[in-house]
There are 2 protein chains.
Amino acid sequence: MARTKSIPLEGGGCCPSVLAAPVTEAQATDLARLFAALGDPVRLRLLSLVADAGEVCSCDLLESLDRAQPTVSHHTKVLVDAGLIEGEKRGRWVWWRIVPERVDEMRDALAGAHVRA
Amino acid sequence: MARTKSIPLEGGGCCPSVLAAPVTEAQATDLARLFAALGDPVRLRLLSLVADAGEVCSCDLLESLDRAQPTVSHHTKVLVDAGLIEGEKRGRWVWWRIVPERVDEMRDALAGAHVRA
DNA sequence: GTGTTACATTGACACCGGTCGATGCATTGA
DNA sequence: TCAATGCATCGACCGGTGTCAATGTAACAC
């Protein structure tokens, strides 16, 4: 994928750690959308399958997730909207990939739990 | 009284990375509950406030979060059930603390996004 | 053209979850 | 004892969300 692109993302400022300093309401809204995207077991498995296989088409997900096709399409859309995966249409198939930078943002948001206390 | 209600969780073994290998349905259900707990902007700010102050009582949260008292109580309960915070009652007040180990589990679940390109 | 395949979209359903007023239960202090 | 405080619980409202059948839209094969 294009490494030449350094994730613009986040209109409400950058995404610092939730634990290092109080987050603003805008940042909280942004991050909540991210976490909510992973707040569903089907989407977690979907992300896991994509991450494990590197690339997966929806037809494969349909089998693995044991859900109807519209349901799988719905979940991929949620993850795409959250920026966690991206799809590329090749012929008749859409191949899904993970967006590691976006996952890193989530992990960074959880960093710094030990600095105080 | 110890409001630490420590849920069973970990039904399908420990909580490895979602991205390193396919997660089981049980693991996905567990982790989804965790992520869903942070899938709300009010709870994210709540966690952030607790982490920043080290210890906070509900009365302080009530002001900072600008929500009614039952609402704040609801959100603290969700975070406690998720194991992300714990409360200790001293006198009339309940003091909330973060559970860093639990946050670490979430961060670990997001590790390994780069193993494959 | 016709038909098939892969996926998105729509609409409808049921259920979940955030919110708050009212109420209950402890604890503190007068 | 009584009043006040801090928090949990209950009940209700309502918008959000997961689910799937039906339909639409491309892309391919013939």
Side-chain angles (χ1 to χ4, degrees), chain A residues 25 28-47 49-50 53 55-82 84-97, chain B residues 1-7 25 28-50 53 55-82 84-97:
Chain A
E25 297 198 19
T29 302
D30 255 14
L31 275 174
R33 227 189 306 267
L34 256 181
F35 283 108
L38 294 191
D40 180 275
V42 174
R43 283 196 292 272
L44 267 181
R45 291 173 53 214
L46 199 162
L47 196 79
L49 288 167
V50 172
E55 274 188 344
V56 181
C57 74
S58 297
C59 49
D60 293 333
L61 295 174
L62 215 143
E63 299 181 23
S64 303
L65 296 176
D66 193 34
R67 291 293 190 282
Q69 179 268 325
T71 302
V72 173
S73 184
H74 163 68
H75 286 304
T76 53
K77 178 174 171 55
V78 172
L79 289 176
V80 166
D81 290 346
L84 288 166
I85 65 173
E86 55 187 7
E88 180 189 351
K89 187 161 187 177
R90 298 195 211 129
R92 280 188 278 191
W93 295 270
V94 177
W95 293 89
W96 303 102
R97 284 187 304 272
Chain B
M1 110 187 183
R3 287 205 71 265
T4 45
K5 181 175 167 183
S6 82
I7 28 178
E25 298 198 19
T29 302
D30 273 0
L31 275 174
R33 228 190 306 267
L34 255 181
F35 283 109
L38 294 191
D40 180 274
V42 175
R43 283 196 292 272
L44 268 181
R45 291 174 53 216
L46 198 163
L47 196 78
S48 187
L49 288 166
V50 172
E55 274 188 344
V56 181
C57 74
S58 298
C59 48
D60 293 333
L61 294 175
L62 215 143
E63 299 180 23
S64 304
L65 296 176
D66 193 34
R67 290 294 188 285
Q69 179 267 326
T71 302
V72 173
S73 186
H74 164 69
H75 286 304
T76 54
K77 178 175 172 52
V78 172
L79 290 175
V80 166
D81 290 347
L84 288 167
I85 64 173
E86 55 187 7
E88 180 188 351
K89 185 162 187 178
R90 297 194 212 128
R92 280 188 279 193
W93 294 271
V94 176
W95 294 89
W96 304 101
R97 284 187 304 271

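Numbered from 1 within each chain, the chains take letters A, B, ... in sequence-line order. Everything numeric in this text was worked out from a predicted model, so none of it was measured.
Using a 4.0 Å heavy-atom distance criterion, Val72(B) is classed as making no nucleic acid contact. Within 4.0 Å (heavy atoms only), Trp95(B) reaches no atom of the nucleic acid at all. Residue-level contact check: Thr71(B) touches the bases, meaning some heavy atom is under 4.0 Å from a base atom. Note on Arg43(A): only backbone sugar-phosphate atoms sit closer than 4.0 angstrom, heavy atoms only; bases stay farther off. Nucleic acid contact class of Val78(A) (heavy atoms, under 4.0 Å, all strands): none.
Phosphate contact (OP1/OP2 of dG18(D), side-chain N/O of Arg67(A), threshold under 4.0 Å): absent. The shortest distance between the side-chain N/O atoms of Ser73(A) and the OP1/OP2 oxygens of dA8(C) is below 4.0 Å.
The side chain of Ser58(B) approaches dC7(D) more closely than any other nucleotide in the set dC7(D), dT10(C), dA6(C). Residue Trp96(A) has its side chain nearest to dA8(C) when only dG6(D), dC20(D), dA8(C) are considered. Between dA8(C), dC10(D), dA21(D), one nucleotide has an atom nearer to the side chain of Thr76(A) than all others, and that is dA8(C). Checking dT9(C), dA29(D), dA21(D) against every side-chain atom of Lys77(A), the shortest atom distance belongs to dT9(C).
Atom-to-atom, NE2 of His75(B) to C1' of dG17(C) comes out at 9 Å; the value is rounded to the nearest Å. As rounded to whole Å, 12 Å separates atom P of dG18(D) from atom CG of Leu46(A). If you measure from atom CG of Asp40(A) to atom C1' of dT19(D), you get 11 Å, rounded to the nearest angstrom. Distance Leu38(B) CG to dG17(C) P: 15 Å, rounded to the nearest Å. Whole-Å rounding puts the Leu65(B) CG to dG18(C) P distance at 13 Å. Computed from coordinates, the Glu88(A) CD to dA6(C) C1' distance equals 16 Å when rounded to whole Å. Taking atom NE2 of residue His74(B) and atom P of nucleotide dT9(D), one finds them 12 Å apart after rounding to whole Å. Going from atom CG of Leu62(B) over to atom P of dA8(D) covers 11 Å, rounded to whole Å.
Considering only heavy atoms from C-beta on, Leu61(B) stays 4.5 Å or farther from Ser64(B) through its side chain. A 4.5 Å side-chain heavy-atom check between Leu38(B) and Leu34(A) finds every atom pair outside the cut-off. Taking the side chain as every heavy atom from C-beta outward, Trp96(B) and Val80(B) approach each other to under 4.5 Å. With contacts defined as side-chain heavy-atom distances shorter than 4.5 Å, the pair Leu46(A)/Leu49(A) does not qualify.
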With a 3.5 Å cut-off and sequence neighbours excluded, list the donor-acceptor pairs that the side chains of residues 67-77 of chain A form with protein atoms.
from, atom 1, to, atom 2, distance (Å)
Arg67(A), NH1, Leu65(A), O, 3.3
His75(A), ND1, Arg43(A), NH1, 3.1
Thr76(A), OG1, Val72(A), O, 3.2
Thr76(A), OG1, Ser73(A), O, 2.7

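Atoms SG and CZ, on Cys57(B) and Arg92(B) in that order, are 11.5 Å from each other to the nearest 0.5 Å.
Two residues, Val42(A) and Arg90(A), neighbour DNA chain D, and the one matched to the more 5' nucleotide by heavy-atom proximity is Val42(A). The residue among Asp66(A) and Trp93(B) whose nearest nucleotide of DNA chain D is located toward the 5' end is Trp93(B).
Under 3.5 Å, the side chain of Gln69(B) and the base of dA8(D) form at least one donor-acceptor pair of N or O atoms.
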